[in-house]
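Nothing fancy with the numbering, it's 1 onward along the sequence. None of the values given here were measured: they were computed from a predicted structure.
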Amino acid sequence: MDIKKNVETVTEEIKQACERSGRNSSDVTVIAVTKYVSIERAKKAVDAGITHLGENRSEGLQEKFDAMGSEAKWHFIGSLQSRKVKDVIDTITTIHSLDRLSLAKEIHKRAKQKISCFVQVNVSGEESKHGLSPDEVLSFIERLSNYDNILVEGLMTMAPHTEDEERLRSTFRHLREIKEEVERKGWDHAPCHGLSMGMSNDYQIAIEEGATHVRIGSKLVGREDQ
């Protein structure tokens with residue numbers, strides 16, 4: 001797999017998506033999802049210019065961090081159990097899956113400094129997905145003001161796995177509208193300028209709808225577990 005070529009392709013597609021939506025490609029952060037690949041392949045992504053890596057298991061994160069350290073900025077993108085917070089809190093820069101107060105409490109307790117968090121929202125309402133329902137978001141984020149070590153950087157969602165472009169757009173658009181509601185509150189603990197949405201199959205649509213962080217795995221680094 002030619003990861004350098006993959007990075008060039010994704011970079012160009014992001015540029016085009018931004019041009020179509022009147023945005024600057026520098027406002028989009030690419031997170032290479034490395035949970036299904038080896039340390040060696042993760043290093044190749046960094047060598048090709050990717051500086052943000054995402055893992056969804058504490059064990060996988062620790063293994064790669066031990067080998068690569070500060071070569072990359074580390075994002076935790078999976079559902080995070082409260083008991084696992086202590087294992088990742090000194091490693092990651094951002095958590096993309098904050099969805100309950102018990103987790104917020106543990107992050108606040110374990111963090112030595114403010115941790116950027118995306119609040120996970122289950123916009124599509126699918127039972128298989130984690131996250132708050134859209135109507136829970138404002139009250140949840142308001143209550144996060146009690147936890148000084150949490151900074152709400154934005155919102156995150158996972159769209160349905162579908163070819164239906166309008167359904168995808170509707171999901172991403174709804175998250176953006178909720179984000180704008182939070183922004184209007186002007187909360188110091190929740191500037192909420194970010195949108196973590198879009199993966200390998202739909203990131204161009206997500207960017208057109210306002211994504212600031214896209215989580216791309218197979219299209220960048222492939223999979224080595226198959």
Side-chain angles (χ1 to χ4, degrees), residues 1-19 21 23-78 80 87-98 107 111-118 120 150-158 191-204 206-208 210-224:
M1 169 167 278
D2 190 339
I3 291 177
K4 188 172 187 295
K5 185 175 180 181
N6 290 351
V7 171
E8 290 171 355
T9 299
V10 168
T11 300
E12 179 58 29
E13 290 180 347
I14 288 173
K15 180 182 175 185
Q16 292 172 4
C18 285
E19 287 174 353
S21 51
R23 301 182 61 202
N24 192 322
S25 59
S26 63
D27 294 333
V28 179
T29 297
V30 176
I31 301 165
V33 179
T34 54
K35 62 183 178 178
Y36 295 122
V37 302
S38 62
I39 293 167
E40 180 185 8
R41 197 173 285 191
K43 283 186 173 182
K44 285 182 179 179
V46 172
D47 291 342
I50 298 294
T51 56
H52 296 261
L53 302 182
E55 286 282 328
N56 77 330
R57 290 173 58 253
S58 59
E59 295 83 2
L61 174 67
Q62 193 61 54
E63 181 183 76
K64 289 190 176 74
F65 182 80
D66 287 345
M68 300 171 65
S70 58
E71 288 181 46
K73 294 179 181 177
W74 300 91
H75 297 248
F76 196 88
I77 59 174
L80 182 57
D87 299 330
V88 304
I89 200 68
D90 294 329
T91 304
I92 46 91
T93 59
T94 310
I95 294 171
H96 289 248
S97 50
L98 177 56
I107 294 169
K112 299 185 178 85
Q113 57 193 10
K114 278 188 187 292
I115 297 292
S116 289
C117 294
F118 285 84
Q120 184 168 357
I150 290 177
L151 181 72
V152 180
E153 183 174 345
L155 306 180
M156 184 275 257
T157 200
M158 296 178 68
C192 204
H193 299 318
L195 285 171
S196 174
M197 59 188 194
M199 298 189 291
S200 288
N201 62 312
D202 56 19
Y203 68 91
Q204 294 181 69
I207 288 168
E208 290 172 5
T212 61
H213 294 68
V214 290
R215 311 177 304 273
I216 305 177
S218 57
K219 191 143 188 181
L220 276 176
V221 296
R223 294 182 68 146
E224 293 178 300

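Between the side chain of R23 and the backbone N or O of A211 there is at least one donor-acceptor pair closer than 3.5 Å. Judged by distance alone, with hydrogens and angles left aside, the side-chain atoms of R57 form no donor-acceptor pair with the main-chain N or O of K35 at under 3.5 Å. At least one donor-acceptor pair closer than 3.5 Å links the side chain of T93 to the backbone N or O of W74. A donor-acceptor pair under 3.5 Å is absent between the side-chain atoms of S25 and the main chain of C18, judged by distance alone. One N or O on the side chain of S97 and one on the backbone of G78 form a donor-acceptor pair closer than 3.5 Å.
With sequence neighbours left out, the side-chain hydrogen bond (donor to acceptor under 3.5 Å, both in side chains) criterion links T34 to E55. Residues forming a ring-ring contact (aromatic ring centres under 6.0 Å, His included) with H75 (at least two apart in sequence, or on another chain): H52, H96. Under the rule for a side-chain hydrogen bond (donor to acceptor under 3.5 Å, both in side chains), Q120 has no partner lying at least two apart in sequence or in another chain. Residues that satisfy the side-chain hydrogen bond (donor to acceptor under 3.5 Å, both in side chains) test with S26, not counting sequence neighbours, are N24. In this structure, the side-chain contact (heavy atoms from CB on, under 4.5 Å) partners of A111, at least two apart in sequence or on a different chain, are I89, I115, N149. Scanning for side-chain hydrogen bond (donor to acceptor under 3.5 Å, both in side chains) contacts around D66 gives Q62, with sequence neighbours left out.
Listed here is the closest heavy atom pair of N56 and F76: O-CZ, 3.4 Å. Between S58 and V88, the closest heavy-atom pair is CB-CG1, 3.5 Å. Listed here is the closest heavy atom pair of V37 and A42: CG2-N, 4.3 Å. The two residues F118 and L195 make their nearest non-hydrogen contact at CE2-N, 4.0 Å.
Put simply, the side chain of C117 does not reach to within 4.5 Å of the side chain of V152, judged on heavy atoms. By the 4.5 Å heavy-atom criterion applied to side chains, E153 and L151 are not counted as neighbours. Between V30 and L220 the shortest side-chain heavy-atom distance falls below 4.5 Å. M156 has its side chain out of reach of H213: every pair of non-hydrogen atoms, C-beta onward, lies at least 4.5 Å apart. Proximity of V28 to Y203: side-chain heavy atoms (C-beta onward) are nowhere separated by under 4.5 Å. Between K44 and M1, every side-chain heavy-atom pair lies at or beyond the 4.5 Å cut-off.
Applying the 6.0 Å contact sphere to NZ of K114 captures more than 12 heavy atoms from other residues, nucleotides or ligands.
We find the CD1-CD1 distance between I3 and I50 to be 10.0 Å, quoted to the nearest 0.5 Å. The line from CE of M68 to CD1 of I39 is 8.5 Å long, rounded to the nearest 0.5 Å. In this structure, D47 CG and E40 CD are separated by 10.5 Å, a value rounded to the nearest 0.5 Å. Note: N6 CG to S218 OG = 9.5 Å, rounded to the nearest 0.5 Å. In this structure, Q16 CD and I207 CD1 are separated by 11.0 Å, a value rounded to the nearest 0.5 Å. The distance from atom CD1 of I107 to atom CG of L98, rounded to the nearest 0.5 Å, is 5.0 Å.
A side-chain contact (heavy atoms from CB on, under 4.5 Å) with M197 holds for exactly one of L155, T212, T157, D202; it is T157. Put simply, the residue from T9, I14, V7 that forms a side-chain contact (heavy atoms from CB on, under 4.5 Å) with T11 is V7.
In summary, the side chains of E208 and Q204 do not present any donor paired with an acceptor at a separation below 3.5 Å, with no hydrogens or angles considered.
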